[in-house]
Participant: 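Pasting a structure below so you can have a look.
Start at 1 and go down the list; that is how both ligands and their atoms are numbered.
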Amino acid sequence: MEIIIQPTPEAASQIAARIIARLLREKPNAVLGLATGSTPLLLYQELIRMKLDWSRVTTFNLDEYVGLPPDHPQSYHHFMHTHLFRHINIPPNQIHIPDGMAKDIPAFCKHYEDQIAAAGGIDLQVLGIGTDGHIGFNEPSSSLASRTRIKTLTDQTRRDNARFFRSLDEVPYHVITMGIGTIMEARQILLLAFGKHKARAIAEAVEGPITAMNPASVLQLHPVVKVCLDEAAASELKRADYYRWVYDHKPAWQRG
Ligand code: F6R
């Protein structure tokens, strides 16, 4: 894992945006895995500002709430169109987001996996992290080999996400999420986390044992992971000074 600690979420998001911009320059038909929530907002703003060419890019989102139609203001369809897709030149048929209204959810999940495979797999997956260590909506105790499927949110995640809804009662209990096995097949992973409330989950994921109790810890087994943090999210890392040292002394050819 490469741990990149920056003074602010803005600085960390700019580095993440440069990594994606570089990929799109090198592979204009790249397949991106995307996340929603507060964390990637600055990243998406920066990507929009960069005016990249998205005409050949394909995207797959991590997750969607079950029961929310695409035009629901809290659906992840709505989120992605508002915060990214309507500002870039990606053709709509190259955008994939799980269908929270699917009548046959297992069949839909299988179809989503097939679509990812047919696109050639995900080149780079953007991830946030839950305060309980979830990635996608793979909550603690999720199988580390899981595929796209329905999951039940924990009480903590429903409460964390209630800020986007009018009340806690409106937060759905179920989601469709890419599995941990699905995420681990991406060729490159970019995990972002900002704020003190993410510090414990990040310390466990990066420096703790690999355990389904912190699903993000499985990323220790992935060969190409970059973790972009602000100081607050990095504040419980025991080896933070070492990660800064490594980043400051990267060989010139490895710099983005
Ligand atoms: C969202 C997702 C989740 C979020 C996580 C953090 O698509 O997959 O894992 O990344 O819940 O959410 P925020 O960024 O709102 O703190």
Participant: Which residue supplies the protein heavy atom nearest to atom 10 (O) of ligand 1, what is that atom called, and how far is it?
Facilitator: G128 CA, 3.3 Å

Participant: What do we get for R163 next to ligand 1 when only non-hydrogen atoms under 4.0 Å count, side chain, backbone, both or neither?
Facilitator: side chain

Participant: Provide the number and element of each atom of ligand 1 under 4.0 Å from a heavy atom of L62.
Facilitator: 8 (O)

Participant: What protein heavy atom sits nearest atom 6 (C) of ligand 1, and how far off is it?
Facilitator: I129 O, 3.4 Å

Participant: Considering distance alone, does some N or O of H197 sit under 3.5 Å from an N or O of ligand 1?
Facilitator: no

Participant: Pick one: which of R159, H197, Q156 meets side chain to side chain donor-acceptor pair (under 3.5 Å) with T131?
Facilitator: Q156

Participant: Distance under 4.0 Å to a non-hydrogen atom of G37: what atoms of ligand 1 satisfy this?
Facilitator: 14 (O), 15 (O)

Participant: What protein heavy atom sits nearest atom 8 (O) of ligand 1, and how far off is it?
Facilitator: D63 OD2, 2.6 Å

Participant: Strictly distance-based, threshold 3.5 Å: is any side-chain N or O of S146 a donor or acceptor partner for the main-chain N or O of G179?
Facilitator: no

Participant: Please determine if R200 and E236 form a salt bridge, counting it only when a charged side-chain N lies under 4.0 Å from a carboxylate O.
Facilitator: no

Participant: Is the side chain of N138 donor-acceptor paired with the backbone N or O of I135 at a distance under 3.5 Å, no angle test?
Facilitator: yes

Participant: Before accepting this row, confirm whether a basic side-chain N of the pair R49/E46 lies closer than 4.0 Å to the acidic partner's carboxylate O.
Facilitator: yes

Participant: Looking at atom 14 (O) of ligand 1, what's its closest protein heavy atom, distance included?
Facilitator: T39 OG1, 2.4 Å

Participant: Where do R22 and W253 come nearest, in terms of heavy atoms and distance?
Facilitator: NH2-O, 4.5 Å

Participant: Among K198, M178, E64, H134, which one has a heavy atom closest to atom 16 (O) of ligand 1?
Facilitator: K198

Participant: Between Y243 and Y247, is the gap from one ring center to the other below 6.0 Å?
Facilitator: no

Participant: Just distances here: any N/O of G136 and N/O of ligand 1 closer than 3.5 Å?
Facilitator: yes

Participant: Side chains of S55 and D53: donor-acceptor distance under 3.5 Å anywhere?
Facilitator: yes

Participant: Can you tell me which residue and heavy atom of the protein come closest to atom 1 (C) of ligand 1, and the distance to 0.1 Å?
Facilitator: T36 OG1, 3.2 Å

